[in-house]
K.L.:
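Encoded as structure tokens, here's the structure I'll be asking about.
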Amino acid sequence: MQIKYFATLRDITRVSEEHISVPEQTLEELIQFLCARYGRSFAKWVSCEDGGFGSLSIFLINGTDYRSLDGLQTRLKDSDVISLFPPIAGG
Amino acid sequence: MAKLIMIHPDKCTGCKNCVVACSYAKEKQFRPAAARVHVYSWEREGISVPMMCQQCNDAPCASVCPTGAMHRVTGSTLIEYDASKCIRCRMCVQACPFGNAVYDSVTDSILKCDTCDDNPSCVAACPVHAIEYVEENVATRSRKKAFAQKFKEAFQEVA
Amino acid sequence: MYGWTGIILRVNLTTGEIKKEPTNLQDAKLFIGARGLASKILTDEIDPKIDPLSAENKLIFAPGPLSGTMAPSMGRYDVVCKAPLTGLLAASNSGGSFGPEIKFAGYDLVIVEGAAKKPVYLWINDDNVEIRDASEIWGKNVPDTTEALRAATDEDAKVACIGPAGEKKVLFASIMNEMHRAAGRSGVGAVMGSKNLKAVVVVGTKPIAVADPEAFEKAVMVARKKITEHPVGGTGLRVYGTDVLTNILNSVGSLPTRNFHEGYFPNADKFGGESLTAKYLTRPRGCFSCIISCGRATKVTNPKYAGEGEGPEYETAWGFGSDCGIDNMDAVVKANFICNELGLDTITMATTIACAMDLYESGFITGKDTGGLAVKFGDADTMLKLVEMTANREGFGDQLAEGSFRLATRYGHPEYSMSAKKQEMPAYDPRGIQGIGLHYATSNRGGCHVRGYTISPEVLGVPFKVDQHATEGKPQLVITFQNLTAALDSTGSCLFTTFGIGAEELAALLSAVTGVTYTVDDFMKAGDRIWNLERLFGLKSAITGKDDRLPDRMSKEPIPAGPSKGEISHLDKMLPEYYTLRGWDSKGVPTPEKLHDLSLA
């Protein structure tokens, strides 16, 4: 699947997007996989563990917020585009 | 160890939190004109610089003071101001090369940073650590290191 | 006197009279300050039917009771007048240090009346106030004006001025303070120009006192901590600025593109906050007492578009970016610099150009109308040319200077103007995000995002997440945000403090500073009161409930592609409930009971 990174996450991964081929899994498993790959600085923004800001982060699956789907248990397909944002705001 | 207030204009956003915090610490009200720290902004370039007393070793304000109101306490790095001895001649204002000693007509006194008894309000209020209160050697070391870092990155890019 | 200074400065440019009068403290309690108090005074003093560009209009510079204190991010003030773009009440909000400086000079508000015969500027040096000749600086751009006036007065003076656009009464001219900070929307700069007032220059050295220092210190600590610890207020905005929104709005398919034909722009990343930070940012900037620092000092090095200044904000990057079909970030940043230098509202400027591009590509405008210019989506150089032509009312720019509604109407197609109540909608597609559409349609100053920023819950999930496509619960959400913002604006606070604190913390700060006890209910009710006051003025001046609408494109043309494909606005489903919850009748008029409850009867 295609993973897109924005804001701080892009600074950490140093790529704006990448393809990851993994067997069918949930969003939660994907996030855990990426936290393992990119380490604590990444996990701080997308996970709720150790006081992380994960609950305020925005995960989109094909442009739809995961909270409007099955949350972290949303099942992912290989054709999905996943967009990951740390907590952001503006106006 | 001697501590000093270190400014980092590269980080300063021009928000003046230091100015309001200083005036509040001294007067319990907000009067930037009474602050011992001031921030000057160059708007075209988007650069701001906070200014306050440097507590000079050979302090001109203390040298010219005829009554000893402006003086260094033995063993301290601080230049102190004793209003009870001050005759308001404003020689210190004339002498300070940085313009950091100011006469305030509202309170009829000289305004100058006293580091808030070793706990500067401006430092606590700065949201971006553009003003820090640090050990002298630490302050210069971290600045040296910050520039060393830039060299390092430049070399890495070339390599 | 605490928080408020208790004195209003009133200057009549026709007679030259300068008066200082006591602030009506009963009104100050009810309407707080800034947007609220200035709107109360303006609506009491002017006939709603006046021509906004006549001498009968008044122009009020209005900080709030928290302005000048160390409550976090209190650098905002409002410019209030009847707006030339909409005929509604304008309260254009700007940052920097100008608002607090008015307070330090000793005034709650500065009211400018009448019109000068020749160009003048107002020089406020504490108690000494002078109307001075400005003929030498008339015609100068904003940075040059600012520097010339500092040289003529005080090198640290705070200057709010108009550029050539305000002088030429462009209907969306801004008032700029400290060079880069804009009271942008609704054409307050044109009103200043109509009064021949080039600038207001202020130096203040007086104190602002606090009623309850102990409670105030505690409230400041709490507010600072909550904002600093919030990942958005504490770090996100400082690192990326507001333009970080470009990619999220595009990713949810609600980034209006090519005059709102589409909701997705494939190259949006090129003008997003990540690109701005990487290639243009020199350092973050903050308004007075700000702990968030979303301001951007920026520079373009490409010689063709070279310049330096501040910004762009998200709305500006979007407007000159995807709404004009442009992905050239150098040109987008440059367009922002030109708007700031010449004194133009970037949102209306960009969207009016987008409207012209749309009309041109549809064949309703031709080269005959534009003086031979091909005005097409995606053409960055033509876009830049049009910005300058508009500020100077030169050629086709003279038509753009009237805003998109009047432009599209002139060519027989008002439906091409993406505006509500004649003011252009900003950077969030109301087809993809239902609540913001209801807000655009009901906003008291027409198309506008900052008076009911439901994007926060609908897209960003702050402080909680709601479904952007749902209509259920949106009327109450919009009302809550509108009321909270009306009260918040009136304190002098920045809207971004809400990424961390809310009514509770603001009410505590306000109570401690002023000595008047505001409960959360009092605070929210003040917001409701201000909202209804603005509504009443609008109903008398320019609109009826029938104007609570969006362009037909929003309800008839579904978003054609991207993640929000197929969506339209369901305003009709939400509006009746909005009226009911507001305590308005079916025509959108506040009921006598409602007005009585708000002490507005």
K.L.:
For atom OH of Tyr103(B), is the number of surrounding heavy atoms from other residues, nucleotides or ligands below 6.0 Å larger than 12?
P.N.:
yes

K.L.:
Of the backbone (N, CA, C, O) and the side chain (C-beta and beyond), which part of Cys18(B) lies under 4.5 Å from a heavy atom of chain C, both, or neither?
P.N.:
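No part of Cys18(B) comes within 4.5 Å of chain C.
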
K.L.:
Any side-chain donor paired with an acceptor under 3.5 Å for Thr146(C) and Arg44(B)?
P.N.:
no

K.L.:
Using non-hydrogen atoms only, which part of Ser48(B) is less than 4.5 Å away from chain C: side chain, backbone, both, or neither?
P.N.:
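For Ser48(B), the contact with chain C is made by backbone and side chain together.
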
K.L.:
Side chain from CB out, backbone as N, CA, C, O: work out which of these in Ala124(B) comes under 4.5 Å of a heavy atom of chain C, or both, or neither.
P.N.:
backbone

K.L.:
Is Ala125(B) in contact with chain C via its backbone, its side chain, both, or neither, using a 4.5 Å heavy-atom distance?
P.N.:
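Interface part for Ala125(B): both.
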
K.L.:
At a 4.5 Å cut-off on heavy atoms, which part of Asn340(C) comes close to chain B: side chain, backbone, both, or neither?
P.N.:
neither

K.L.:
Quick check for you: among Arg296(C), Glu310(C), Lys299(C), Arg238(C), which has the greatest number of heavy-atom pairs under 4.5 Å with chain B?
P.N.:
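Highest number of heavy-atom pairs under 4.5 Å: Arg238(C).
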
K.L.:
Less than 4.0 angstrom from a charged side-chain N to a carboxylate O is my criterion; do Lys28(B) and Glu214(C) meet it?
P.N.:
no

K.L.:
Do Ser293(C) and Val128(B) have side-chain heavy atoms sitting under 4.5 Å apart?
P.N.:
yes

K.L.:
Quick check for you: among Lys11(B), Glu45(B), Glu43(B), which has the greatest number of heavy-atom pairs under 4.5 Å with chain C?
P.N.:
Glu43(B)

K.L.:
Go through Ser23(B), Pro32(B), Gly14(B) and name the one with the most non-hydrogen pairs under 4.5 angstrom from chain C.
P.N.:
Pro32(B)

